[in-house]
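Protein chains get the first letters and strands the later ones, always in sequence-line order, with residue 1 at the start of each.
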Amino acid sequence: MKDNILIANDIVAGYGDNTIIDGINLKIPPHKISVILGSNGSGKSTMLKTFCRLLTPQSGSIVLNDKSLQEMKNKDIAKSIGLLPQNSVAPEGITVAELVTRGRFPYRKFMCSLTAEDYTAVKEAMEAMKICDLADRSIDELSGGQRQRVFIALALAQQTDILFLDEPTTFLDIAYQIEILDLLKELNRKKKTTIVMVLHDINLSSKYADYIFAMKNGKLIKEGSPSDIITSQTIEEIYGLKSVVITDPVSCSPMIIPISSHDDLTNVS
Amino acid sequence: MKQNKITIVFTIGIIVLILSVIVSITYGAKAVGLSDIIDGIFGRNTDSFNANVVAARIPRTIFGLIAGASLSIAGVLMQSITRNPIADPSILGVNTGASLFIVIGIAFFNIQSKIAYMGIAFVGALITALFVYNLASLGNGGATPIKLAISGAAVSNALTSLISIFVMPDSSVMTTFRFWQIGSIGGTTNTDILLLLPFTIAAIVISLMLSNNLDTMLLSEETAKALGLNIGLTRGIAAICGVILCSTTTALAGPISFIGLMIPHLIRAIVGSNHKILILSSGIYGGAILIISDVLGRILGRPGELESGIMTALIGAPVFIYLIRKAKLQSL
């Protein structure tokens, strides 16, 4: 399997005259799970949108295997890079299987009906997200966690080697959060899919990420493995929050305990 | 399961359509028998009075079918482009825009040919559609259902006043305009239909070719882009098709309201949001319903007749009220 290398070269991006991302250079580690961390307004989502070419950078370029995204056809990009946006919507009454099938759009030839490959891809995507038994259900009757799995399956039916997810666990309760992240990890380990997510939860990031990018004020301030990034010093740098870092007794990844202004710090060494 | 439902919808649609065509040819101020219809269609016995009645009703029926299908498909396209359940050529003011331009054409440029009517109606409809959509997009939240309905109604009212300004002072314009507006689907000839047909067929075929793109466009804008869809291009082509369909119909029949709102919405509720099926079945049912409205108008309005536009408004207005209430609840 070839490595799809995705690189950001000196990206400056934003909306209108407003510059949000200010000169970012980074390389997405292939076949790994990366998480982008940062405070609100640090430019995480903007970065993600630029990577998926939803947003054209004001300067700089996103390069996929030595080719700038600006020079590529929309559908060719869509065969390499998938996205789960923050807010997904579906037409009223559509069934799960129909919705996942819409992920085949970049592969469909003009005016042709679905091919055998399309059906296989849809089936695999639904199997990976464990939603085969929901295939004929209407999307309106599903729970939040089920819906999110359906939308991830839509992106998987796109059969991309790189998958971006913008806050895939927001609005889900803790059990669904773990379920989604477990499924994504399984996908990464089995299919070697490169996964890049924006997450708000530092401890979940630490638990699931192979690599973390830390952003602040539109700049990349640090990158590395969770144990490099999740230190009380870096957390304070990113969020301006004091914390104590301990080791997660189960996964042995670093874990932060935020310090409140009401906490009694005499016991902390 | 779903496939069955779609087959049933198509079968019923085609049966209703065939029945409505037969009824439209049979009923009217003078009722004719089945044998006269067959004679009329195949041109036998052309001297008989009944066969002539049939021959006269055929273009009206065919045009009703084309007009109903065009307006319904225009409704489907407009609803999908604006992601808005209450978009329709009459509510968005597009048909009024077409009317205004026709009036201007009659008053100042002395237009007479049907092709000139259609061309000028297209320009008017396109400008109005763009204007209403941009007006509704002002402020927060983009073009929401309520804002679209309000700006459509406001623009429609303003344009109606403008129409009066041009029509009232000049009795000759008034006469021509009334003749056009009252024409409903009754005044069309075979020549008109042949003129209209290429535009209608082209617009419907292009819409069908766009159906995969339209399906994708109904996902969120970000998902659609991530799937590689060129949203601007799809929206633009679909809008032009929609405007062609409703403006050419309006040019020949005068404004017919609510068909484009009612039919796509009912069909969408039954067959879902697959555009290929949505466009085809809306076309079939739209044609049938307009023919039926026309027949009802002929029966209820005896010895004269009620315009089919009045009939569709009578049936469609309650549907509109229902939809706008539903849309309002959703956005709250």
Going by the ring pair (Phe, Tyr, Trp, His ring centres under 6.0 Å) test, which pairs reach into residues 44-77 of chain A, not counting sequence neighbours?
-> A:Phe51-A:Phe164

Kindly compute the distance separating CG (B:Asn230) from NZ (A:Lys75), expressed to the nearest 0.5 Å.
-> 10.0 Å

Gap separating the CD1 atom of A:Ile94 from the CG atom of B:Leu218, nearest 0.5 angstrom = 8.5 Å

Can you sort out the partners of A:Glu117 under salt bridge (charged side-chain N to carboxylate O under 4.0 Å, His left out), two or more places apart, ordered by chain and number?
-> none

What part of A:Leu99 lies closer than 4.5 angstrom to a heavy atom of chain B: side chain, backbone, both or neither?
-> side chain

Flag yes if more than 12 heavy atoms outside A:Tyr15 fall under 6.0 Å of its OH atom; otherwise flag no.
-> yes

Crowded around B:Asn134 CG? As in, over 12 foreign heavy atoms under 6.0 Å?
-> yes

Tell me, yes or no, whether the heavy-atom count around A:Asp66 atom CG, taken from other residues, nucleotides or ligands under 6.0 Å, exceeds 12.
-> no

Tell me, yes or no, whether the heavy-atom count around B:Phe199 atom CZ, taken from other residues, nucleotides or ligands under 6.0 Å, exceeds 12.
-> no

List for me each residue that meets side chain to side chain contact (heavy atoms under 4.5 Å, CB included) alongside B:Ser220, sequence neighbours excluded, and say none if there are none.
-> A:Pro85, A:Val89, B:Glu222, B:Thr223

Chain B contact via A:Lys49 - which portion, at a heavy-atom distance below 4.5 Å | side chain

Give me the contact list for residues 70-81 of chain B versus chain A, heavy atoms only, anything under 4.5 Å, ordered by residue number.
-> none

Of all the heavy-atom pairs spanning A:Arg102 and B:Leu227, show the shortest one and how long it is.
-> O-CD1, 3.6 Å

Chain B contact via A:Ile77 - side chain, backbone, both or neither, heavy atoms under 4.5 Å = neither

Between A:Gln158 and B:Ala226, is there a donor-acceptor pair closer than 3.5 Å when you use the side chain of the first and the backbone of the second?
-> yes

Measure distances from B:Leu208 to the heavy atoms of chain A and classify the residue's part below 4.5 Å as side chain, backbone, both or neither.
-> backbone

All heavy atoms of B:Asn213 vs all of A:Phe105, minimum pair found to be OD1-CE1, 3.5 Å

Answer with side chain, backbone, both or neither: which region of A:Asn87 has an atom nearer than 4.5 Å to a non-hydrogen atom of chain B?
-> backbone

Taking the side chain as every heavy atom from C-beta outward, state whether A:Pro106 and B:Leu229 have any atom pair closer than 4.5 Å.
-> no

When you look at NZ of A:Lys79, are more than 12 heavy atoms from neighbouring residues, nucleotides or ligands closer to it than 6.0 Å?
-> yes

So with a 6.0 Å cut-off around OH of A:Tyr211, is the heavy-atom count from everything else above 12?
-> yes

